[in-house]
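Inspection log for the structure reproduced underneath, given as structure tokens.
Order of listing sets the numbers, starting from 1, for every ligand and every atom in it.
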Amino acid sequence: MTMGSIMSAPVGNSDSNTSCVTALSSYTGQPGTRKTLFTCTGIYDGRTVAIKRIQTKTFSLSKTIRQEVKQVRELDHPNLCKFIGGCVEVPNVAIVTEYCPKGSINDVLLNEEIPLNWGFRFSFATDIARGMSYLHQHRICHGRLKSLNCVLDDRWVCKITDYGLKMYRRDDGVEPLSTYQQRLLEVYMPPEFHNSNMEPSLAGDVFSYSIILLEIATRSDPVPAEESNLESAWCPPLPELISSKADSTCPCPADYVELIRRCRSHNPAHRPTFEQIKKFVHRINPIKISPVDMMMNLMEKYSKHLEVLVAERTQDLMHEKQRTDRLLYSMLPKQVADDLRQGKPLQAQSYVSATIFFSDIVGFTQLSSSSTPYQVVDFLNKLYTTFDDIIDNYDVYKVETIGDAYMVVSGVPRENGILHASEIASMALDLVGVCRTFRIPHKPNTQLQIRAGIHSGPVVAGVVGTKMPRYCLFGDTVNTASRMESTSLALKIQCSPSAFYLLEEIGGYLLQCRGMLQVKGKGDMVTYWLEGKKTSLVSNEHIGMETDVEKEQELYASIPGFWTTILS
Ligand SMILES: Nc1nc2c(ncn2[C@@H]2O[C@H](COP(=O)(O)OP(=O)(O)OP(=O)(O)O)[C@@H](O)[C@H]2O)c(=O)[nH]1
Ligand SMILES: [Mg+2]
């Protein structure tokens, strides 16, 4: 048994384990109605093949049949189902052909769940015309051309099946036809055959093709359900055909209808050949590419679109992340925020030396009582936004604002030697400086006054709580810094002795001893006013004062506690 030769193999049926069955629509069952029929399949040489059984009780392998087989074996066209072989043993006489898994175009056209644009429809019409043209070139009339004999392979290429082998199939169909089958036969039958037993003709196939064109356009069953005159029921006035049931409009209805009209000519001589049909369809078809290419193009477009979409979304995500990062980093030090995000345990950290700044608005309670809450919020927001902009210029970390109090630290969370004192001092001078020109939005004539204090010392910093975690400073240094502020005066910056010593060590600041001060919880303390910075532009008066201060500093530098007393 070789492929392409007549072979004697048992024909599979739907029950046998060598065959499989494909569900297809066809026309058995209730007379006059269309019913699902299955094609028989089997496995030959490792691939699925379609097996068409010939219902005959006798079969003899005549010379004519051998010639027919020889002829069809030589046919090779992409739009013809390849003949593979046959079985000649009664009762398993069969023809084995290439199997097309997507079923017939009849199944596809009548399945409303399959969307079919005109690209697909023209592709079917073109494929059938090509296959038929090839058959006719080999002088083979199909004789049973119909949508059920046009099957689709896995790439949606339409192939003609059940062609040729006229003698081989001669005894097929001895069983009586159902009403539906009878009516179907009549639908595809050219008018010249109606009252005679003519042999199949080339022009007859063209007529049958016109019915397929109608099915393609209307997606209707060629056999009308009701018992009506076939000719008028199946063939509504042509111009109405295209627009009626077509789910997308034909791009060239007039030409398409014209092609049907010509193929349906009553006079067979007026019908075009398939070679002419091929050219005509190609000319009127605006979508020249195959459905697979069409799908590939669509998929390419789709995947490009997806790529762009993914890039856009990634960018959006990046921006969103940057926004949340900015928000997070404005609430917690970066390192702490990163550790929190990674779920690392957070431990409080102690710092040997840091400088803390506190400021408070003088007369805030009175100001609030004579303003609306919105005015207060607006004012504080404006003031602290101004402050926030200024502190960006220094190596400081804003710890928090509590009502009208503003708290800043330097040397935490990033240590900076003793520079924390000068960073805070310069910043404090800037903040107090800006208050002199700051206008309270709803009280433009009231001078804004803040009180500020700074103190240096050891602190412990850490995050407390899991809900709304906050970075807090702990230790006596915080209390003392706060006392420096609360005992300070309007538009003044009061420094503790420790801050003072550090500033003196760093140099460049104008500091004036305030004198001895009773500090709650601390006892007596000598404090200093931070007046400004020593610059080459300061007045002579100031320079003279600095020089005095410097002289005295040098004198008592070795006795820190002492020299404050002398200055006072
Ligand atoms: N999926 C698939 N179905 C096929 C194939 N060949 C035929 N069929 C379908 O099998 C069913 C039965 O086919 P046939 O026994 O040839 O009957 P028919 O095509 O209606 O009638 P004739 O060809 O005129 O005898 C029809 O629905 C065909 O469309 C194929 O290769 N693949
Ligand atoms: Mg068939």
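- Each of the atoms 31 (O) of ligand 1 lies under 4.0 Å from some heavy atom of Ala50.
- The backbone and the side chain of Leu148 each have at least one atom closer than 4.0 Å to an atom of ligand 1 (non-hydrogen atoms only).
- The ring of Tyr188 has its center no closer than 6.0 angstrom to the ring center of Phe207.
- Short contacts between ligand 1 and Ser104, defined as distances under 4.0 Å to a heavy atom of the residue, involve ligand atoms 29 (O).
- For ligand 1, the atoms closer than 4.0 angstrom to any heavy atom of Tyr99 are 1 (N), 2 (C), 30 (C), 31 (O), 32 (N).
- Ligand 1 has Glu98 within reach: a non-hydrogen atom of the residue lies less than 4.0 Å from it.
- Closest approach of Asn285 to Thr126, counting heavy atoms only: ND2-OG1, 4.5 Å.
- Residue pairs meeting the side-chain hydrogen bond (donor to acceptor under 3.5 Å, both in side chains) criterion with at least one partner in residues 319-328, sequence neighbours excluded, are Glu320-Arg323, Lys321-Asp325, Asp325-Arg341.
- Of the N and O atoms on the side chains of Gln181 and Ser178, at least one donor lies less than 3.5 Å from an acceptor on the other residue.
- Shown in contact with Gly103 at under 4.0 Å from a heavy atom are these atoms of ligand 1, numbered in order with element: 1 (N).
- On a distance-only criterion, Lys146 and ligand 1 share at least one N/O pair closer than 3.5 Å.
- In summary, Asp395 and Arg414 engage in a salt bridge, as defined by a charged side-chain N under 4.0 Å from a carboxylate O.
- The atom of Asp162 nearest to the Mg ion (ligand 2) is OD2, with the search restricted to N, O or S atoms.
- Taking every non-hydrogen atom of Asn149 and a distance limit under 4.0 Å, the qualifying atoms of ligand 1 come out as 19 (O), 22 (P), 23 (O), 24 (O).
- The side chain to side chain donor-acceptor pair (under 3.5 Å) with Asp162 is formed by just one residue from the set His142, Arg169, Arg144; it is Arg169.
- Classified by interplanar angle (parallel below 30°, tilted 30° to 60°, perpendicular above 60°), the ring pair Phe124/Trp156 is parallel.
- At a 3.5 angstrom cut-off on N or O pairs, Cys100 counts as close to ligand 1.
- Coordination check, Asn149 versus the Mg ion (ligand 2): passed, since an N/O/S atom of the residue sits under 2.8 Å.
- Of the polar atoms of Asp162, at least one N or O is found under 3.5 Å from an N or O of ligand 1, judged by distance alone.
- Ion pairing between a basic and an acidic side chain is recognised when a charged N comes within 4.0 Å of a carboxylate O; Lys102 and Asp153 show no such pairing.
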